[in-house]
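See structure below.
Numbered from 1 within each chain, the chains take letters A, B, ... in sequence-line order. Quick note: numbers below take in every heavy atom, side chains included, and nothing from hydrogens, waters or symmetry partners.
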There are 2 protein chains.
Amino acid sequence: MTTREGAELHLTTRQFELIAKALADPRRMALLETIAGERPCPCQHLRDQFPVSKATISHHIKELVRAGLVDARKTGQYLNCEVRRDVVRAYTAELMRRVGRAS
Amino acid sequence: MTTREGAELHLTTRQFELIAKALADPRRMALLETIAGERPCPCQHLRDQFPVSKATISHHIKELVRAGLVDARKTGQYLNCEVRRDVVRAYTAELMRRVGRAS
DNA sequence: GGTAGCGTTAGATGGTTGTAAAACTATCGT
DNA sequence: ACGATAGTTTTACAACCATCTAACGCTACC
């Protein structure tokens with residue numbers, strides 16, 4: 001139900017910047033794409049698909065969560081990540097609002 | 001006529017990354033917004049609105065052009081910048097396609 | 001309770017990058 | 001032609017950041 005909302009989510013300036021930064025690193029973007037691909041994404045799955053240490057993955061996830069792009073809930077010893085698609089949509093909307101429309 | 005096209009512009013992986021990087025820096029984003037605000041934007045105008053050296057502005061503009069987000073044509077001694085709104089739209093569309101839609 | 005697996009934190013490091021100063025190029029006005 | 005104005009390039013530097021290793025904290029299972 002968080003997937004399809006009518007009301008547009010509002011992003012603070014701070015969050016807008018954090019999102020842009022989070023999306024800027026290709027590896028982190030790739031991680032985000034993988035998370036988006038598999039519904040509840042066990043963090044460990046990411047380790048198998050990318051040649052990076054678990055510390056690095058942990059760091060990237062933290063940044064994605066900080067930006068609000070990913071929701072991470074710990075169930076047992078696993079960390080389940082999910083993309084906040086409403087936030088992604090809010091970001092693209094804000095981007096269009098700022099530089100996408102004719103003045 | 002470049003402002004309103006039916007066909008979606010295709011972004012290479014490289015350009016997608018460059019755009020994300022270009023948007024990541026707050027100052028550069030602010031410059032882009034200013035450029036988007038005034039139609040033909042003399043580069044010098046930007047110097048008055050931001051406390052940065054002209055070297056820095058020149059550098060940022062170069063990055064924006066490299067990413068394809070800005071079109072810069074030199075007329076006389078002035079540099080006129082314009083936002084490529086079709087590219088912005090292509091970026092947001094690609095972003096939505098990658099992580100915005102439910103799997 | 002011990003051992004193994006998953007994730008986090010701390011510290012170190014190499015690379016990237018935003019920024020400015022200075023020197024340079026180019027164009028305009030007089 | 002000269003001076004002023006606009007932008008570029010080079011070089012240098014400081015700050016940031018992605019990455020790793022190693023050590024740690026939890027949870028699960030036997």
Remember a base hit wins even if backbone is also touched, and classify [X] as base, sugar-phosphate or nothing at under 4.0 Å, heavy atoms.
X	value
A:Arg27	sugar-phosphate
A:Pro26	nothing
B:His60	sugar-phosphate

I'd like to know if [X] pairs up with [Y] as an ion pair, taking the criterion as any Lys NZ or Arg NE/NH1/NH2 lying under 4.0 Å from an Asp or Glu carboxylate oxygen.
X	Y	result
A:Glu63	A:Lys21	no
B:Glu8	B:Arg89	no
A:Arg84	A:Asp86	yes

Just the rounded figure in Å: distance from [atom2] of [N] to [atom1] of [X].
X	N	atom1	atom2	value
B:Leu64	D:dT8	CG	P	12 Å
B:Phe50	C:dG18	CZ	P	15 Å
A:Ile61	C:dG7	CD1	C1'	10 Å
B:Leu79	C:dT27	CG	P	13 Å
B:Arg73	C:dA26	CZ	P	21 Å
A:Asp48	C:dG5	CG	C1'	13 Å
B:Tyr78	C:dT27	OH	C1'	10 Å
B:Glu63	D:dT9	CD	P	12 Å

Compare the minimum distances between each of [options] and the side chain of [X], then state the nucleotide with the smallest one.
X	options	value
A:Ser58	C:dT8, C:dC6, D:dT8	C:dT8
A:Asp25	C:dA10, C:dC6, D:dA18	D:dA18
B:Gln77	C:dC28, C:dA20, C:dC6	C:dC28
A:Thr56	C:dT19, D:dC20, D:dT8	D:dC20
B:His59	C:dT9, C:dT19, C:dG7	C:dT19

Hey, which sits more toward the 5' end of DNA chain D by its nearest nucleotide, A:Val52 or B:Ile57? B:Ile57

Nearest nucleotide by nearest heavy atom, which residue falls closer to the 5' end of DNA chain D, A:Arg28 or A:Ala55? A:Arg28

Does a side-chain N or O of [X] approach OP1 or OP2 of [N] to a distance below 4.0 Å, or not?
X	N	value
B:Lys62	D:dT9	yes
B:Arg47	D:dA6	no
A:Gln44	C:dG7	yes
B:Lys54	D:dT5	no

Between A:Phe50 and A:Thr56, is the side chain to side chain contact (heavy atoms under 4.5 Å, CB included) condition met? List the steps. CA-CA 10 Å; A:Phe50 297 96; A:Thr56 300; over 6 Å; no

Among B:Leu64, B:Leu31, B:Val87, find the one that has a side-chain contact (heavy atoms from CB on, under 4.5 Å) with B:Val70. B:Leu64

Can the positive tip of B:Arg98 be found less than 6.0 Å from the middle of the six-membered ring of B:Phe16, inside 45° of the ring normal? yes

